[in-house]
Amino acid sequence: AISKCGFGNFGQQYTLRSDWNRTWYTDKPDLTECFQNTVLVWFPCFYLWLLAPFYALKLYCHDCGCIRISTLCTAKTVLGFLLASFGFVEFFYILLERSHEIQNHMVFLLSPIIRSLTVVLAICIIQLERIRGCRSSIFLFLFWVLAVVCSLVPLRAKIQLVMYENPCPVKDASFLSKMLFWWFTGLVVKGYRTPLEAGDLWNLREEDTSDKIISDLEEEWTTECAKLLPDQAQILRKLQKEQSSGFCLLRTLARNFGPYFLTGTMCIIFHDFFMFAIPQVLSLLLGFMNEEDAPLWKGYFYATLMFLLSCLQSLFNHQYMYTCFTVGMRVKTAVMGLVYRKSLVINSASRRTCTVGEIVNLVSADTQKLMDFVVYFNAVWLAPIEIALCLFFLWQHLGPSALAGIATVILIFPLNGFIAKKRSKLQVQMKFMDGRIKLMNEILNGIKILKFYAWEKAFLEQVLGYREKELKALKKSQILYSISIIAFAMFGVYVLIDDKNVLDAQKVFVSMALINILKTPLSQLPFAMSTTMQAIVSLKRLGKYLCSEELKDDNVAKAPLNGEGVLIDNGTFSWTKEGPPCLKRINVCVPQGSLVAVVGHVGSGKSSLLSAMLGETEKRSGSVSIKGSVAYVPQQAWIQNATVQDNVMFGREKQKTWYQRVLDACALLPDLEILPAGDSTEIGEKGLNLSGGQKQRVSLARAVYRKADVYLLDDPLSAVDAHVGQHIFDKVIGPKGVLRDKTRVLVTHGMSFLPQADLILVLVDGEITESGSYQELLSRHGAFADFIHTFASNDRKESVTETAAQREVIIAIDEQTFASHQQAIHHVNEHFVPLLQVPGGPVRLEMYMEYFKTIGMAFIIPIVFLYAFQQGASLAYNYWLSLWADEPIVNGTQVDTDMKLAVYGALGFAQGIAIFGTTVAISVGGIIASRHLHMDLLKNVLHSPMSFFETTPSGNLLNRFAKEIDAIDCMIPDGLKMMLGYLFKLMEVCIIVMLATPFAAVVILPLAILYAFVQSFYVATSCQLRRLESVSRSPIYTHFNETVQGASVIRAFGEQPKLSPQLIRLSSPDIRRWLAVNLEFVGNGVVLAAAILSVMGKDTLSPGIVGLAVSHSLQVTGILSWIVRSWTDVENNIVSVERVKEYADTAKEAVWTVEGSSLPLAWPQTGTIEFQDYGLQYRKGLDWALKGITLKIQEREKVGIVGRTGAGKSSLALGIFRILEAAKGEIYIDGVNIAEIGLHDLRSRITIIPQDPVLFSGSLRMNLDPFNTYTDEEIWSSLELAHLKNFVSNLPDKLNYECSEGGENLSLGQRQLVCLARALLRKTKILVLDEATAAVDLETDTLIQSTIRQQFEDCTVLTIAHRLNTIMDYTRVIVMDKGHISEMDSPTNLISNRGQFYRMCREARLV
C-alpha cells in the first residue's frame, strides 16, 4: 500500500485518479495511506507552527503574573513528553523494521518526527502560558481538537486492520510454544468446535506469500537461464539445454530455499544423536536388573534418562519435519508460479508440443513430486550413515555374529535398489494418466457435440483404454513393493545366529532396539530413492518446459513511426522454426488512424497476419513495427470466469461514462437487461452462459475499453447477426465509430464493409496478391474484382444500411439462443458458488462402507485374518526370544540351541509370509475399488444432461478425474496398509507390557483416553483443512486452464503480471506437527511407566521379560504417530471417494439405448417431424422457452426458423435432439414418439451441424468417424463433397493427420467444413443446421449452401437462420416469437402478408 504514495515512482496523476476511486466512487470510503500519513499529520502541526509566534507575542504583551506548578500542569508536561517520545520510537521502528518498504517514500519517516517536534512545541507553549499567567487557552484547545479529529481516520484504519487481519501466531510465539507447536492449539480447538471456514485461517507470513516466493525465485531463474545458453551449434545446444535445464532448476531452488532447509538438517542430526543414545541407556538398565545388589536410585535414574532422551528425540524430529514441509510448500508454490508465468510467454512452436492437460499436470503432479523430494531428500544420505552406526553398535554387542546381519543388509540393498528402479520404470502410469486427463479435458470441452452426435460411447472406450493400462502398471508396481518388505522380516532371523554366543537379556534386547532403529532407515531408503528418481524426472520435465522457446521481444519493434500505425517490411513468418512459412513476402504499411480490411479464403493466412503483428509467430526475415499500445480481438472470443464488468475492464480502473459508451457501441446494453445481475452477472467458464455473439461482443468491448492505439480485429463480426454487425461496424469500427481515430486492422468476410475501408489487403496462400482501396481494386479486374462480382449478388441482399426503422430493432435477431437460454442463467449463477462449498464435519462412516463394499466382503475378511495372524506370529516370536534369554547358562552355553533356533526361524518365516499376503491382498483390493469408482464416475458424468455441464466448472470435474482418482489409486490402499499394520502392532506392544508388569494397565488406560482425546481434536481439524485446501485448488486449475487458453489475448493486452494466480497455501503441515509432538509425549509416558514399574518389581521380574517390555515400549511413540498419520491420510483421502461419488446422485439423462426396442434399422425412412402441443422449460419453475408448438413438417421439406434473440429458435433443435426433455406434448419422427426410444437411437439417426465447430485431438479420421463404421472410400467422398479433399490429400498423413487439442492446427473455416463432412458421412434423413456459416468466407459459405442443397435434397432440412437470404428459397419459414410460432408459410406468402417476417426482410433490405 505504501507504494500508492505520490512520492513513489507512480505518476501523480495515476495516484489522484485511483484515490478518488477509493475515497468517493465506492461503497466503503477510505483515504489512501499516503493521505493519512501526510495531510492528516501535517495539518494540525502546520496550524500550531504557523500561529505560535503570534500567540507568543500576544502572551509577551499581556503578563498576568506567574501561576504555581500544579499536579495538572505536571501531568500535562509528562504526558506531552511521553507523546513526543512515541514519535521518535516510531521513527526508529520504521527505519529498522520496514526499511525495504520506504526506499522511495521518505515521507513515512518525516511524519512521526514532525508530530513529535510539534508536541514539544505545545509543551513549551503550556509552560509559557503558565509563566505569563494565562489560565485557559483557546489556541491550544483548537490544536488538540484538530489533532484528535485528524488521527481518528488512521485510528479507524488501524482498528480495521487488526479486525480483518488474522496474523499467523507463529511470528509472536515464544520459544517453547514454537518448539511444542502450542501456537497452533487455537485453530485446532476452533476446528473441533465448529467446521472451519476459509476466513478462520491465518494470513500467511510475508515470507510464505506466493508473491514474495515467486518473485524471488523468478529473479534467480532469469539469471540462471541467461547462463544456460552460450552460443554453440544449434542442435548441441538444444540437447544440452534439455539435459541441464533440470539441474539448473534444482540449483536455483537450492540457492533460494537452501539456507532454511539446512536448519532442518541440523535438527535431524541432533535427533539421530538422541536416538542412538537410547539403546545405550537401555543396556545400562538391563545391566542394573542383572546385578543383585545395585542401589535402586540408579534404576530410577536410568528410567528417567530414557524418558528425557525420548522426549528430546521427538522434539527435534518434528522441528525437522516442520521445516521440510514449509520448504516443500514454498518450492511447490514457487515452481507453480514459474510454470504459470512461462505459459504466458511460450511461443507457438513450443505451445504445440505441450497441451493444456500436460501443463496442468506439471502444476498439479510434478510440483507435488518436488515437494515430496524436499521432505525425504535427507534420508538419501542420512539413512546409509544410520545403517552403518547401527551395524557398528551391533558388532560391539554381538561380535562377529553381527556379520550375518551385515551380510543380509548387503543382500537387501541391491534387491531394494533393483525394486526401486523397476518401480520408477513403472512410472509410465503417469504417461497414461496424462493421456487420460488430456482426453477428459477435451471431452468436457466438447461435451455438447458428443451429445448431439451420440458419440459418448466411443470416447468412453478411449478413456477406459488409458485407464486399464494405468491400472496394470500400478498393480505391477504394488506387487514389487510387497516383495521388498519380506526381506526385512527375515532380517532379524540372521542377526542372532551363533551357538557359541550365549544369549542373555542385555544382548538380545539392546540388539532388538538397534534392529528397530535400523528398520526405519532401511524402509525409508528405497522410498527416498524412488522419490528422488521421480523428482529428477519431474525436474527434467519442468526444466524442459521452463526452458522451452519463448516469444522473442524483438519480433515486433515498438518504434515510434512517422505517420504509420503498423509497418511490416518484407516479412516472412512461420509457426515453427522448421516448418514451412505461413506468410511470405509481406509488405504492409498501415497509416495511422486508418481502417485496413484483410480479405481472403479460408486458410489463406488472415489470422496468421494478425499473429505476426502481435509477434506470436516466428519471424524468419523482415521487420514488424507497431506504434503505441495494442488491443486484440481474437476470432474465438476468450472470456474469463468473472463478471461481465471485470471482463470488459480487464484490470483497468472503471470510468463510468466511457464504460457506458463502450457497452452501448458494442450493443451489449440490451443483453445486460436480460442477464439476472446486469453487468455483475458472473460468466461461467469459457463464457458458458453467454451465446456466441454475446461472447464476441464482450471480447470486442474489452478491446474498445482499453483506448489502445492499434486495434487488431480478427473477424469479430462473424459471430453476430448482420444487423448487430452493421451496428457495431458503424458505432465502433467504421469511419464514424468510437475508434475512428485509431489504427484498425480488420479481418472480415463481410463484403458490405469493404467500401468504407481505407485500404484492402487480399491474401492468397499466405501472400498479399493485391492491395488498395475498394475502387482501385475493382478497376484492376484482378482476383478481388471477380471475388466481389461473384458474391455481390448474394451480399447485396444482405448489406444493411442504417435506417430509422432499424434503429429500434437493432438487436433484432441476435445469434443463437445459447443452449442454456438466458433464463437458465439465473440458475447458473446460483450454482457457480455452491459448487465450491466445503462439506463440513468428520468423514461419514458411509464413505468407508461404500469403499469396502466396492472391494467386496470376500476380500476383507481374509485381510483382517491375515493381519491378526501376522501379529500373533510376531508376538510369539518375540516372547520366544525373552524365554530363551532367561535360560540358565550351563558350562558357558545354553541347551537345545538348535531347537530354539528352528522355532525362532519358523516363526520369523511365518510372519514374513503373512506380511507379503496382507500387502498383496490390500493392493489388489484397492485396485478393484478404484477401477469401479472411476468407471462409475466416468459413466455418471457422461450420462449427465447438458445443464449439468453448464453449471459445473470443468476445473472441478478435471480435479475429480486427476487428483481424486489418483488418491483412490495410491493413497487409500497405502494408508490402509500402514494403519492396520500399526494398529495390530500397538495391540501386541500393550499385551507384552501388561504381561511383564500387569500394573502398567493403570498407566496405559488413562494414556489411551488422553490419546483418543487428542486424536479426536486433530482428525476434525485436519479433515477440514484438507477439504479447504482441495476446494481452493480447483479454482487454481480452472484459472490456469483459462490463462493458457487466453495466452495470446493476455499478451496482446500486456496483462501478464496482473493475472498471476493466488496460489493458496494452508497449514496442513503445522497441524500434523502439533498432533505428533503432543502424542509422542503420551507415548513417552508408556516408556517411563514400563521402565519405572520394572525397576520397582526388580526382585520378581526376570531380565528377559523386562527387556521385552521396555524395548517394545520404546516403539510406542513411533507406532502412535504412524497410526494417526496413516489414519488421517485415509480420512483425508476417503474424502476423494465422497467427491467421486458426489455425481452419482445428480440428475441423469434418459437411457442411451432401450433394451429390446422394435425400432427399424432404417428409421427414419421419410423424415417427417410432428410437434403436438409441445412445450419446453429449461428448469422447473422457469418461464416456458417453447409453449404450445403444434406443427407438422413433411418429408423432404426445407424449413427455415427465424426470430429474435430468445425467441426459442435453438430450443426447437434442443428439443428434437432431447438435449432438453419435453415439459409437455410430444414430438413424432416418422410416427415414432421420440420420448420412448433411447437417446443414442435418436441422436445417431438424425444429424446436426452445430454452430461451434469442435474437433478433438486425434486423427482426422477419428474426428469424422470415432466408431470406425465407415470405409476409407466413404470418408474420402464425404471430404470431397465438403471441399476438403484437396486440403486433406496435401497433408503429410492424409486421414491420419493428428489434429491438435481443440483442432487448433486447422483454421476455423476448415473446422466448419469438417463438421459438414461429418454430416455428409452420416447422411441421415433429417438434418438440423444451426447456421454455422458465420465464421466462413462467402465463397466457402456458398459451397456449403450448395452442397447442402444437392446432397440433402431428399432429406428434411431445418435451418436456424441468422441470415435471411439463405432461406429465401425454402419451402416454409417459421417465425418464432417468445416461445411460440407467430407466423408460418412459404417466404413469398409471408412477405405478401406484411407481417413480422416482412419487417425483418425489409430491415435486411431483401424487399
Side-chain angles (χ1 to χ4, degrees), residues 356-357 360 437-460 463 639 641 682-692 694-695 816-836 936-962 964 1034-1035 1037-1038 1041-1042 1045 1139-1140 1142-1150 1152 1177-1179 1182 1185 1210-1211 1213-1215 1217-1221 1239-1240 1243 1248 1250-1256 1301-1302 1330:
V356 180
V360 171
I437 300 303
K438 175 179 151 191
L439 187 59
M440 275 317 301
N441 190 18
E442 295 195 51
I443 289 177
L444 296 176
N445 288 346
I447 188 76
K448 196 168 174 197
I449 301 296
L450 291 192
K451 293 209 171 301
F452 272 139
Y453 288 138
W455 278 0
E456 293 103 329
K457 272 193 184 142
F459 281 85
L460 183 85
V463 174
I639 302 288
N641 187 356
E682 184 167 339
I683 305 179
E685 261 188 285
K686 305 200 186 73
L688 257 180
N689 42 344
L690 297 184
S691 68
Q694 287 167 328
K695 283 192 264 193
Q816 153 208 43
T817 328
F818 192 71
S820 71
H821 166 59
Q822 257 53 22
Q823 303 172 331
I825 297 160
H826 290 273
H827 288 251
V828 175
N829 276 320
E830 291 158 22
H831 275 284
F832 277 132
V833 182
L835 276 169
L836 292 181
D936 292 348
L937 172 67
L938 185 60
K939 285 193 170 155
N940 281 328
V941 167
L942 288 182
H943 275 284
S944 296
M946 237 2 258
S947 55
F948 168 79
F949 296 97
E950 282 155 20
T951 53
T952 312
S954 66
N956 277 15
L957 287 169
L958 272 183
N959 204 11
R960 298 285 189 281
F961 279 101
E964 315 296 349
S1034 274
Y1037 295 150
T1038 303
N1041 241 327
E1042 196 173 83
Q1045 282 163 349
R1139 300 185 66 167
V1140 165
E1142 206 177 315
Y1143 296 133
D1145 314 327
T1146 50
K1148 301 285 171 281
E1149 319 181 281
W1152 282 349
Q1177 284 172 301
Y1178 278 95
R1179 277 196 197 77
L1182 282 181
S1210 291
S1211 306
L1214 298 178
F1217 278 86
R1218 283 176 63 196
I1219 297 287
L1220 292 170
E1221 296 289 355
L1239 286 181
H1240 279 188
R1243 292 172 185 168
I1248 187 167
Q1251 215 186 16
D1252 306 329
V1254 175
L1255 298 191
F1256 301 93
E1301 202 169 356
D1330 191 350

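Note that the structure is a prediction, hence the values are computed from the model and not measured.
Atom NZ of K451 and atom OG of S944 lie 7.0 Å apart (nearest 0.5 Å). Between H1240 atom NE2 and E1149 atom CD the span is 7.0 Å, to the nearest 0.5 Å. The line from CG of L1220 to CD of Q1177 is 10.5 Å long, rounded to the nearest 0.5 Å. Between L1239 atom CG and H943 atom NE2 the span is 9.5 Å, to the nearest 0.5 Å. Distance CG/L958 to CG/N441: 5.0 Å, rounded to 0.5 Å. From K457, atom NZ reaches atom CH2 of W1152 across 7.0 Å, with rounding to the nearest 0.5 Å.
A1185 and S1211 get closest at one heavy-atom pair: CB-OG, 4.0 Å. Residues I449 and P1250 share a closest heavy-atom pair of CD1-CG, 3.4 Å.
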Would F948 and L957 count as a side chain to side chain contact (heavy atoms under 4.5 Å, CB included) if you check the C-alpha gap in whole Å, the side-chain angles of each, and the deciding distance to 0.1 Å? CA-CA 11 Å; F948 168 79; L957 287 169; 4.0 Å; yes

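A donor-acceptor pair is defined here as one N or O able to donate and one able to accept, closer than 3.5 Å; no such pair exists between the side chain of K1148 and the backbone of L942. With R1139 contributing its side chain and R960 its backbone, the two residues share no donor-acceptor pair below 3.5 Å. In this structure, the side chain of R1243 engages the main chain of R1218 through a donor-acceptor pair within 3.5 Å.
Looking at heavy atoms from C-beta onward, I443 lies in side-chain contact with L450 at the 4.5 angstrom threshold. For the pair L1214/F452, a side-chain contact is recorded, criterion being any heavy-atom separation below 4.5 Å from C-beta on. Side-chain contact between V941 and F949 is present, with heavy atoms from C-beta onward closer than 4.5 Å. A heavy-atom distance below 4.5 Å is found between the side chains of L938 and F961.
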